[in-house]
Amino acid sequence: MMPIPSSQALTPKRIATIDVMRAIIMFLMLFVNDIPGVRDLPHWIGHAETEEDMLGFSDIVFPGFLFCVGMSIPLAIKSRFAKGDSVVGVMRHVLERSLALIVMGLFTLNACKTPLFLLLVALGFFLVWMKWDRGPEVLRGWPSRVLQATGVVLLVCIMLHYDATGEPFRTGWWGILGLIGWAYLASAVLYLLTRARLRYTLYAWAAVVALCVINAQGGVIAEEYFSRNVFLPFWPGGWTHPALVMSGMAASLILGRLVEKGQQSRIFPLFLAMAAVAGAFTLASHHFWIISKNLATPTWLFICLVIFFIATPCIYWLCDVRGKQRWFAIIAPAGTATLTCYVLPFFWYAIKQLLESQILPTEWNHGLIGIAASLLFSLLTIQAARLLIHYRLTLKV
């Protein structure tokens, strides 16, 4: 059996950079999910079309979240081992968490067809995946089990209704949460297999990036080449998404190792060098693939890594060196109750559609005012999550 990694092999202590980066990305994800209803937006602020060779602002947010997922994996697994879990126990947790995200992704993908289903699915998520063991005292024990069972029945009934109407659940593109679940599964398993040793994790990272290039459509590898069939070409995202998660994992381990050794002065030069290498790969891969989030091209991967490798040391310097993380206090709940923040807007969107009326003034869905309204909506969602944190009513997978 694989031995439990020592704490020295893992990222040492939690650094503020990870939570702050995740909070920023979650805030931006709420924003870009809300702006599709805003008219007359600048083209660069939205998503690029599938065949459009362009990196829109919205195309940076999802990969940023995957990068942050990777940064959190070493700390999360270290925490599991610190609680006394075995490797088998941690692997079981990884599988359960991945399955939960994939299931949630499928429900959100299918529930978007009708506002009622979206509302019921959001309610089901809270009933099933609420942190009942840490929730209000009055809901612990048998009340929480009843509520959780009710949520399971609710979600099963939704699936049965789809089957009865001849519209079985579709996988499609798996939904955002589903894609995160698949990428997390591949990356967390690889991290456990490397036994949390930085050198082996970096080898695994390089291998996943290579698979991303090999499995990319219309690139340097011919379609009939055997590797296209051996290395799971059906994996959602074509290994580009796991490559983003693995990149965040590598960044987290490198950052932690330098901090542990007291070599903070090397952080900026090393990460800028990594960004320069990613930039060179961007230029090289652009000869074969366009920049496309929807196609998950290697070019999209590399250009996003340029941004993240530059952002990481900057946020580290601001938050962990200068101690300015309080500047981000207003969005801090997005870094700790991320899933809750993501699901909360489902209630708002479903209620708006069910009412079939313009709740907000039409001027709020236009141009700069619309952008400001979406930013305000994102902030309000995070404050709602802050309130739920206070009453210990948050989601956890």
Side-chain angles (χ1 to χ4, degrees), residues 1-12 18 63-81 85-95 97-98 101 179-216 221 226-258 260 270-271 273-275 277-278 281 285 296-298 300-302 304-306 308-309 312:
M1 181 180 294
M2 184 188 302
I4 297 176
S6 65
S7 59
Q8 289 80 7
L10 298 168
T11 307
I18 297 174
F65 192 87
L66 290 174
F67 188 84
C68 290
V69 167
M71 293 191 79
S72 302
I73 285 176
L75 294 169
I77 291 181
K78 176 187 176 182
S79 176
R80 303 294 302 187
F81 284 131
D85 279 7
S86 64
V87 172
V88 173
V90 173
M91 185 70 76
R92 183 173 60 250
H93 172 74
V94 167
L95 293 174
R97 192 178 191 189
S98 303
L101 289 169
L179 292 178
I180 292 172
W182 283 112
Y184 166 79
L185 173 61
S187 304
V189 169
L190 284 173
Y191 180 74
L192 282 171
L193 292 176
T194 61
R195 303 185 184 185
R197 297 178 183 176
L198 178 59
R199 181 175 60 181
Y200 297 127
T201 302
L202 294 179
Y203 290 157
W205 174 34
V208 170
V209 172
L211 285 175
C212 163
V213 175
I214 290 172
N215 282 324
I221 305 297
F226 76 93
S227 297
R228 294 294 298 276
N229 298 318
V230 172
F231 295 121
L232 307 180
F234 58 83
W235 198 273
W239 288 99
T240 307
H241 298 158
L244 283 160
V245 178
M246 292 291 294
S247 299
M249 187 190 304
S252 177
L253 289 171
I254 292 171
L255 187 63
R257 180 67 61 87
L258 293 176
E260 184 182 39
L270 182 56
F271 273 84
M274 291 165 60
V277 172
F281 275 103
S285 62
T297 61
W300 172 65
L301 163 69
F302 294 131
C304 287
L305 291 184
V306 173
F308 305 146
F309 287 153
T312 299

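For the numbers below, each heavy atom of this structure counts, side chains included, while hydrogens, waters and symmetry mates do not.
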Practice prompt. Show your reasoning for whether side-chain contact (heavy atoms from CB on, under 4.5 Å) applies to L66 and I180.
Written response: CA-CA 7 Å; L66 290 174; I180 292 172; 4.0 Å; yes

Response to the item:
In this structure, OG1 of T297 is separated from CZ of F302 (nearest 0.5 Å) by 9.5 Å

Worksheet entry | Nearest-0.5 Å distance that lies between atom NE2 in H93 and atom OG in S79 | 8.5 Å

Item to complete: Without swapping roles, check the side chain of S86 against the backbone of G89 for a donor-acceptor pair under 3.5 Å.
Response: yes

Worksheet item: Can you name the one residue among V245, T201, V90 that meets side chain to side chain contact (heavy atoms under 4.5 Å, CB included) with Y191?
Response: T201

Worksheet item: Can R257 and L253 be said to form a side-chain contact (heavy atoms from CB on, under 4.5 Å), step by step?
Response: CA-CA 6 Å; R257 180 67 61 87; L253 289 171; over 6 Å; no

Response to the item:
Note: I254 and L202 closest approach over all heavy atoms is CD1-CD2, 4.2 Å

Fill in: Other residues, nucleotides, ligands: >12 heavy atoms within 6.0 Å of F271 CZ
yes

Response to the item:
Looking only at heavy atoms, the pair that brings S187 and P242 closest together is OG-O, 3.5 Å

Worksheet item: Closest approach of I73 and A188, non-hydrogen atoms and distance?
Response: CD1-N, 4.2 Å

Practice prompt. Would you please name every residue forming a salt bridge (Lys or Arg N to Asp or Glu O under 4.0 Å) with R80, sequence neighbours left out?
Written response: D85

Worksheet entry | Residue pair F281 / P298, side-chain heavy-atom distance below 4.5 Å | no

Worksheet item: To the nearest 0.5 Å, what is the distance between CG (L255) and CG (L270)?
Response: 10.0 Å

Discussion item. Over 60° means perpendicular and under 30° means parallel, so tell me whether W205 and F309 are parallel, tilted or perpendicular.
Written reply: perpendicular

Fill in: T312/F67 under side-chain contact (heavy atoms from CB on, under 4.5 Å): CA gap, chis, key distance, verdict
CA-CA 10 Å; T312 299; F67 188 84; 3.6 Å; yes

Worksheet item: At what distance, to the nearest 0.5 angstrom, does CG of L244 lie from CG of L301?
Response: 5.0 Å

Practice prompt. For W300 and A296, work out which heavy atoms get closest and say how close.
Written response: CE3-CA, 3.7 Å

Practice prompt. Indicate the atoms forming the closest heavy-atom contact of G181 with L101, along with that distance.
Written response: CA-CB, 3.7 Å

Worksheet item: Would you say S252's side chain and G248's backbone share a donor-acceptor pair under 3.5 angstrom?
Response: no

Worksheet item: Nearest 0.5 Å, what's the CE-CG distance between M246 and L211?
Response: 10.5 Å

Worksheet item: Between W239 and A186, which heavy-atom pair has the shortest distance, and what is it?
Response: CZ3-CB, 4.1 Å

Worksheet entry | Euclidean distance, Y184 OH relative to S72 OG, rounded to 0.5 Å | 10.0 Å

